[in-house]
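A short write-up of the structure that comes next.
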2 protein chains.
Amino acid sequence: MNAVLKDFSVARPKPRTAPRANQRHDHVHCIAAALATASSLCAARGARLTKLRRRVLEHVWNSHVPVGAYELLNRLRADGRRAAPPTIYRALAFLADEGLIHRIETRNAYIGCDFADRPHQAQYFICEQCGVAAEVDASDIHRRIAARADELGFVVSGHNVEVLGICCLCQQRRVHVGSRA
Amino acid sequence: MNAVLKDFSVARPKPRTAPRANQRHDHVHCIAAALATASSLCAARGARLTKLRRRVLEHVWNSHVPVGAYELLNRLRADGRRAAPPTIYRALAFLADEGLIHRIETRNAYIGCDFADRPHQAQYFICEQCGVAAEVDASDIHRRIAARADELGFVVSGHNVEVLGICCLCQQRRVHVGSRA
DNA sequence: GTCAATTGTGTTATACCATAACAAAACTAA
DNA sequence: TTAGTTTTGTTATGGTATAACACAATTGAC
Ligand SMILES: [Zn+2]
Ligand SMILES: [Zn+2]
Ligand SMILES: [Zn+2]
Ligand SMILES: [Zn+2]
């Protein structure tokens with residue numbers, strides 16, 4: 001089994017009931033698709049997705065839980081590469097510039113972008129239990145924000161929306177725990 | 001003139017045209033009102049708004065630009081008080097617990113709450129030019145987020161919405177600069 | 001292939017943001 | 001007053017991010 005799955009907290013053994021959304025998925029495919037998209041986007045733009053940058057992106061995609069810069073640094077070192085903070089921050093800056101990752105502000109952490117191949121204004125739903133951050137591109141939310149900005153005479157260049165709570169899967173887990181207690 | 005106005009970037013000399021919103025206001029009143037609200041809320045709750053905490057709140061309300069913890073620390077020291085980081089972080093924690101300030105995640109900075117006397121789910125519109133962060137409590141935005149959460153089976157405990165762009169006043173300033181160039 | 005120019009990476013040092021742990025002081029309620 | 005509680009001071013440390021400069025790899029012209 002691919003080592004990349006080791007802390008993928010969505011992939012769990014046998015959920016007893018089907019979750020409403022975001023059910024267990026083929027995360028190996030997730031990663032492969034993200035890397036393929038990254039490769040083609042960078043090629044098309046003349047941006048250089050070097051081995052280092054590609055490896056950092058792989059480590060970011062290790063799970064759907066946002067990962068901190070120093071954790072990524074440790075993973076690089078576990079790969080046998082010599083690395084210091086600027087190494088990882090430069091790679092993260094490149095990946096963010098290319099729209100391949102996002103920074104989760106409330107966690108000081110980074111996560112792969114689910115919509116790298118198109119412009120979007122994403123929102124994140126972040127589980128306080130398992131840590132998974134789900135990216136959605138909800139145009140209705142963005143429109144409401146844009147409308148309010150308009151009323152204020154405010155010209156929007158971007159937004160950061162992070163919703164905190166408990167994800168669908170963790171609620172099921174809590175019910176199980178609760179019914180046992 | 002009150003020294004507290006010294007870096008209040010909304011209060012500027014003679015805007016040539018009236019802004020659509022957020023026009024120059026009596027910031028001394030702003031501060032006084034915030035402190036009065038803080039006092040009565042804390043009294044009602046049995047929370048102790050000590051001199052230190054009150055002074056920190058005053059420094060936070062110095063302007064509508066979010067201010068960093070270490071800047072607040074410097075201001076405390078300028079007051080003649082001996083202070084180290086825990087001093088300011090404990091005061092900030094108290095003020096945040098009481099809902100008197102908010103943390104602006106994209107800036108690692110803190111700002112006074114405009115709606116301390118009632119429960120709310122605020123959004124911030126942050127100007128990349130002048131730094132001013134305007135708090136709004138737009139229930140329509142919150143409703144859209146809640147609706148999307150519902151679709152995901154996600155139970156919301158809170159959200160952080162920070163919109164970046166150029167504020168109304170700074171656009172006018174840019175026009176002036178532009179027409180001169 | 002060689003070369004110069006550009007871009008990317010390694011390395012050291014440092015700045016900025018935040019908290020742990022414990023001691024001293026101030027406040028509260030008998 | 002005195003004991004108990006809360007707040008503040010103090011020292012040390014952990015976590016996040018960048019500046020500055022040297023070296024290596026890549027690119028594109030020749
Ligand atoms: Zn995205
Ligand atoms: Zn969860
Ligand atoms: Zn004001
Ligand atoms: Zn502005």
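Here the structure is a predicted model, which is why all the values come from computation and not from measurement. In what follows, every chain begins at residue 1, and chains take the letters A, B, ... in the order their sequences are listed.
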Quiz: residues 125-135 of chain B side-chain donor-acceptor pairs under 3.5 angstrom, not counting sequence neighbours:
| residue | atom | partner | partner atom | Å |
| --- | --- | --- | --- | --- |
| Glu128(B) | OE1 | Ser157(A) | OG | 2.9 |
| Glu128(B) | OE2 | Ser157(A) | OG | 3.4 |
| Gln129(B) | OE1 | Arg174(B) | NH2 | 2.7 |
| Glu135(B) | OE1 | Asp114(B) | N | 2.8 |
| Glu135(B) | OE1 | Tyr124(B) | OH | 3.1 |
| Glu135(B) | OE2 | His102(B) | NE2 | 3.2 |
| Glu135(B) | OE2 | His120(B) | NE2 | 3.2 |
| Glu135(B) | OE2 | Tyr124(B) | OH | 3.4 |

Given Glu105(B) and Thr106(A), is the side chain to side chain donor-acceptor pair (under 3.5 Å) satisfied, shown in steps?
CA-CA 6 Å; Glu105(B) 297 290 344; Thr106(A) 55; over 6 Å; no
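- A 4.5 Å side-chain heavy-atom check between Asn160(B) and Asn160(A) finds at least one atom pair inside the cut-off.
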Let's test your reading of the pairing rules: Watson-Crick or G-U wobble, both distances under 3.5 Å, then write DNA chain D as a dot-bracket string with ( ), [ ], | and dots.
||||||||||||||||||||||||||||||
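- For the pair Asn74(B) CG and dC17(C) C1', the computed distance is 13 Å after rounding to whole Å.
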Counting primed atoms plus P, OP1 and OP2 as sugar-phosphate and everything else as base, spell out the protein contacts along nucleotides 22-30 of chain C at 4.0 Å heavy-atom distance: B, S or - for each nucleotide, 5' to 3'.
-----SS--
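- Looking at heavy atoms from C-beta onward, Ile145(B) lies out of side-chain contact with Gln123(A) at the 4.5 angstrom threshold.
- Using a 4.0 Å heavy-atom criterion, one finds that Arg81(B) contacts the sugar-phosphate atoms exclusively.
- Qualifying side chain to side chain donor-acceptor pair (under 3.5 Å) partners for Arg54(B), counting only residues two or more places apart in sequence or in other chains: Ser39(B).
- Note: CZ (Arg77(A)) to C1' (dT9(C)) measures 14 Å, nearest angstrom.
- Near DNA chain D, defined here as any heavy-atom distance below 4.0 Å, there are no residues from residues 37-47 of chain A.
- For the segment residues 95-106 of chain A, the set of residues with a heavy atom within less than 4.0 Å of an atom of DNA chain C is empty.
- Taking 4.0 Å as the cutoff to heavy atoms of chain B, we find the contact window on DNA chain D bounded by dT6(D) to dT11(D).
- Under a hydrophobic clustering in which Ile, Leu, Val, Met, Phe, Trp and Tyr are joined whenever their side-chain heavy atoms come within less than 4.5 Å, directly or via other members, Val161(B) and Val156(B) fall into the same cluster.
- When rounded to the nearest whole Å, the span between CG of Leu73(B) and P of dA15(C) equals 16 Å.
- A donor-acceptor contact under 3.5 angstrom links the side chains of Arg103(A) and Asn108(A), judged on distance only.
- At whole-Å resolution of the value, OH in Tyr89(A) and P in dC17(C) are 13 Å apart.
- For Asp117(B), there are no side chain to side chain donor-acceptor pair (under 3.5 Å) partners two or more places apart in sequence or in a different chain.
- Ranking dT9(C), dT12(C), dT19(C) by closeness to the Pro86(A) side chain, first place goes to dT12(C).
- Of the two residues contacting DNA chain C, namely Phe94(A) and Pro85(A), the nearest-nucleotide position lying further toward the 5' end is that of Phe94(A).
- Following rounding to the nearest Å, Lys51(A) (NZ) and dG10(C) (C1') show an atom-to-atom distance of 18 Å.
- Within 3.5 Å, no donor on the side chain of Tyr70(B) pairs with an acceptor on the base of dA15(C), nor the reverse.
- The side chain to side chain donor-acceptor pair (under 3.5 Å) search around Asp137(A) returns Arg118(A), not counting sequence neighbours.
- Of the residues near DNA chain D, Asn108(A) and Ala91(B), the one whose nearest nucleotide (by heavy atom distance) lies more toward the 5' end is Ala91(B).
- For Arg53(B), there are no side chain to side chain donor-acceptor pair (under 3.5 Å) partners, not counting sequence neighbours.
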Please set out all donor-acceptor pairs under 3.5 angstrom arising from side-chain atoms of residues 77-84 of chain A, sequence neighbours excluded.
| residue | atom | partner | partner atom | Å |
| --- | --- | --- | --- | --- |
| Arg77(A) | NE | Ala83(A) | O | 3.0 |
| Arg77(A) | NH2 | Ala83(A) | O | 2.7 |
| Asp79(A) | OD1 | Arg55(A) | NH2 | 3.2 |
| Asp79(A) | OD2 | Arg55(A) | NE | 2.9 |
| Asp79(A) | OD2 | His59(A) | NE2 | 2.9 |

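- Residues His27(B) and His25(B) bring their aromatic ring centres within 6.0 Å.
- Ile104(B) CD1 to Glu162(B) CD: the interatomic distance, rounded to the nearest 0.5 Å, is 5.0 Å.
- Leu72(B) places a side-chain heavy atom less than 4.5 Å from the side chain of Val60(B).
- Leu57(A) places a side-chain heavy atom less than 4.5 Å from the side chain of Ile101(A).
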Can you list, pair by pair, the side-chain donor-acceptor contacts under 3.5 Å of residues 89-100 of chain A, counting residues two or more places apart and other chains?
| residue | atom | partner | partner atom | Å |
| --- | --- | --- | --- | --- |
| Arg90(A) | NE | Pro86(A) | O | 3.4 |
| Glu98(A) | OE1 | Arg45(A) | NH1 | 2.7 |

